[in-house]
Structure formats: structure tokens, C-alpha cells
Asker: 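Attaching a single structure in C-alpha cells format; questions to follow.
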Amino acid sequence: MKKTIFVVLLVILIGFIFSMSGENAEKSYNTSGQTIRVVLSIVPEFEKQPEEVKVNIINELQSIVRKSAHFIGYMILGILASCLILHYENINKKYPLAFLICVIYAILDEIHQLFVPGRAGQVRDVLIDSAGSLLGIIIVMAFEKLLIKFNKKHKI
């Protein structure tokens, strides 16, 4: 049952990443811009600014938000891939395999973007995605070690 949950979550996330990568440049830029606008709308000082200032602030934040989204999305991918692979006892080197899967998907994602109008595959994005995946995998590794220590201490 747990395997199925991780497979479903992994497929949903991969589908979401693929969908976002398939947006043309203008739509992608607008999507991240709208997300920034929604988040900043809770800041009273932002709402008091003239529209021109708001647009400038949003434009300034575009790059960091977009790269953060890459990092966080792939961090979640690393967590899900690790959790899924941990359920297969016959697989050796589970964490390196999880990382390899994430890196291969990051490369494929950037290749996909080469065929989307206005988008470009970037090595920098593969590196950001890989770093996010690695952090996700490290989180799972740390959690697994904590569980093992807890179970030994409490003889579970």
C-alpha cells in the first residue's frame, strides 16, 4: 500500500513538473508573476504601492522565485523517489539510485524545454534540480537514521 502511495505521488509530481515545463515562456513568466503577486498581497506595504512599483518588484523577484521552485520541486522529487525505492529490499545502493533517477529526469525536463516556444534547456537548472534532489534524499537518509536509532533505543 505504501509503495502505491509513493508511486502515485511521484507520478503526480512528475506530471506537474512536465506540465509546468511545457508552458511557453510568456505563460510561464505570467504564472510565476501571478504567484509572486498573490504571496506579496499579504504584505500591507506591497498593496499600498502604485501598480508600476508592484510590477517592478514582481519582475525583480522572478528569477529567485523560479529557481527556488526548481529546487523545492526537485527536493520533493528526491524525497518521494527515496521513499519509494526504500520499499524495495532487493535494490542495492538505494540512495544513489534515487539521485540518478532525479538527475536523469532533470536532464529530460531541460531537453523537453528545448521544444517549447521561448524556453531553453539550461545546465544551470539541471544543477539546481540536482541539488534540490540531493537535499531531499539527505533529509530521507537523516530521517531513516533517526528512526533506526529510535527503534534500537526502544527495542521496536
Asker: Could you measure the distance from the OG atom of Ser82 to the CZ atom of Phe143? Nearest 0.5 Å is fine.
Answerer: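 One finds 13.0 Å between OG of Ser82 and CZ of Phe143.
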Asker: Can you see whether Tyr88 has Lys3 sitting over its ring - NZ or CZ less than 6.0 Å from the centre and within 45° of the normal?
Answerer: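 Judged by the rule, Lys3 and Tyr88 form a cation-pi pair.
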Asker: Where the side chain of Glu110 meets the backbone of Val126, is there a donor-acceptor pair that is under 3.5 Å apart?
Answerer: no
Asker: Does the side chain to side chain contact (heavy atoms under 4.5 Å, CB included) test come out yes or no for Ile85 and Phe6, once each step is laid out?
Answerer: CA-CA 9 Å; Ile85 291 170; Phe6 287 118; over 6 Å; no
Asker: Hey, could you give me the CD1/CZ distance between Ile64 and Phe71, rounded to the nearest 0.5 Å?
Answerer: 11.5 Å
Asker: Using a 3.5 Å distance criterion without hydrogens, assess whether the side chain of Arg119 forms a donor-acceptor pair with backbone atoms of Ser28.
Answerer: no
Asker: Tell me whether Gln49 contacts the main-chain N or O of Glu45 through its side chain, where contact means a donor paired with an acceptor under 3.5 Å.
Answerer: yes
Asker: Return yes if some donor-acceptor pair links the side-chain N/O of Ser41 with the main-chain N/O of Val38 below 3.5 Å, else return no.
Answerer: yes
Asker: Under 4.5 Å between any side-chain heavy atoms of Gln34 and Arg37, yes or no?
Answerer: yes
Asker: Quick one: are Leu100 and Tyr105 in side-chain contact, heavy atoms under 4.5 Å?
Answerer: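 Sidechains of Tyr105 and Leu100: no contact.
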Asker: With a cut-off of 6.0 Å (strictly less than), are more than 12 heavy atoms of other residues, nucleotides or ligands near CG of Leu114?
Answerer: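 Yes - once you tally the heavy atoms of other residues, nucleotides and ligands closer than 6.0 Å, there are more than 12.
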Asker: What is the minimum heavy-atom distance between Ile79 and Gly136, and which atoms define it?
Answerer: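 In terms of heavy atoms, the two residues are closest at CG1-O, 3.4 Å.
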Asker: To the nearest 0.5 Å, what is the distance between CG (Leu80) and CE (Met75)?
Answerer: 10.5 Å
Asker: Treating Ile, Leu, Val, Met, Phe, Trp and Tyr as nodes and any side-chain heavy-atom pair under 4.5 angstrom as an edge, say whether Val140 and Leu147 lie in one connected cluster.
Answerer: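 Looking at the clustering, Leu147 is in a separate group from Val140.
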Asker: Give a yes or no answer on whether the side chain of Ser133 reaches the backbone of Tyr74 with a donor-acceptor pair at less than 3.5 Å.
Answerer: yes
Asker: Provide the closest heavy-atom pair for Ser130 versus Val103 in the form atom of the first, atom of the second, distance.
Answerer: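 Minimum heavy-atom contact is OG-CG2, 3.4 Å.
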Asker: Picking from Val7, Val8, Leu9, what satisfies side chain to side chain contact (heavy atoms under 4.5 Å, CB included) with Ile5?
Answerer: Leu9
Asker: Using the rule that Ile, Leu, Val, Met, Phe, Trp and Tyr join whenever any side-chain heavy atoms are under 4.5 Å apart, tell me whether Leu134 and Leu77 fall into a single cluster.
Answerer: no
Asker: Take Glu47 and Lys54 through the salt bridge (charged side-chain N to carboxylate O under 4.0 Å, His left out) test and state the conclusion after the steps.
Answerer: CA-CA 8 Å; Glu47 286 301 309; Lys54 289 179 184 178; 3.7 Å; yes
Asker: May I ask you to test the Glu23-Thr31 pair for a side-chain heavy-atom distance under 4.5 Å?
Answerer: yes
Asker: Side-chain heavy atoms nearer than 4.5 Å, only ILVMFWY residues, links allowed to pass through others: does that put Ile107 and Phe99 together?
Answerer: yes
Asker: Under a 4.5 Å side-chain heavy-atom rule over Ile, Leu, Val, Met, Phe, Trp and Tyr, are Val11 and Ile104 clustered together?
Answerer: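 In one cluster with Val11: Ile104, no.
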Asker: What do the steps show when you test Phe18 against Asp109 for side chain to side chain contact (heavy atoms under 4.5 Å, CB included), and what is the final call?
Answerer: CA-CA 7 Å; Phe18 184 83; Asp109 182 45; 5.7 Å; no
Asker: To the nearest 0.5 Å, how far apart are NZ in Lys94 and CE in Met141?
Answerer: 12.5 Å
Asker: Nearest 0.5 Å, what's the CD1-OH distance between Ile137 and Tyr95?
Answerer: 9.0 Å
Asker: Find out if a path of hydrophobic residues (ILVMFWY) with successive side-chain heavy-atom gaps under 4.5 Å connects Ile101 to Ile76.
Answerer: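 Per the 4.5 Å side-chain linkage, Ile101 and Ile76 are co-clustered.
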Asker: Evaluate Glu144 against Leu86 for side chain to side chain contact (heavy atoms under 4.5 Å, CB included), listing each step before the verdict.
Answerer: CA-CA 10 Å; Glu144 181 187 35; Leu86 283 173; 3.8 Å; yes
Asker: Mind checking the CD-CD1 spacing from Glu52 to Ile57? Nearest 0.5 Å is all I need.
Answerer: 11.0 Å
Asker: Does Leu61 form a side chain to side chain contact (heavy atoms under 4.5 Å, CB included) with Leu40? I'd like the steps, not just the answer.
Answerer: CA-CA 11 Å; Leu61 292 174; Leu40 288 179; 3.8 Å; yes
Asker: Please indicate whether Glu60 has more than 12 foreign heavy atoms, meaning atoms of other residues, nucleotides or ligands, lying under 6.0 Å from its CD.
Answerer: no
Asker: Can you tell me if Tyr29 and Asn24 form a side-chain donor-acceptor pair at under 3.5 Å?
Answerer: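 On atom types as modelled, these side chains do not qualify, holding no pair under 3.5 Å.
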Asker: If every non-hydrogen atom of Gln113 is compared with every non-hydrogen atom of Ser21, which pair is closest and at what distance?
Answerer: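 Where Gln113 meets Ser21 most closely, the heavy atoms are NE2-OG, 3.3 Å.
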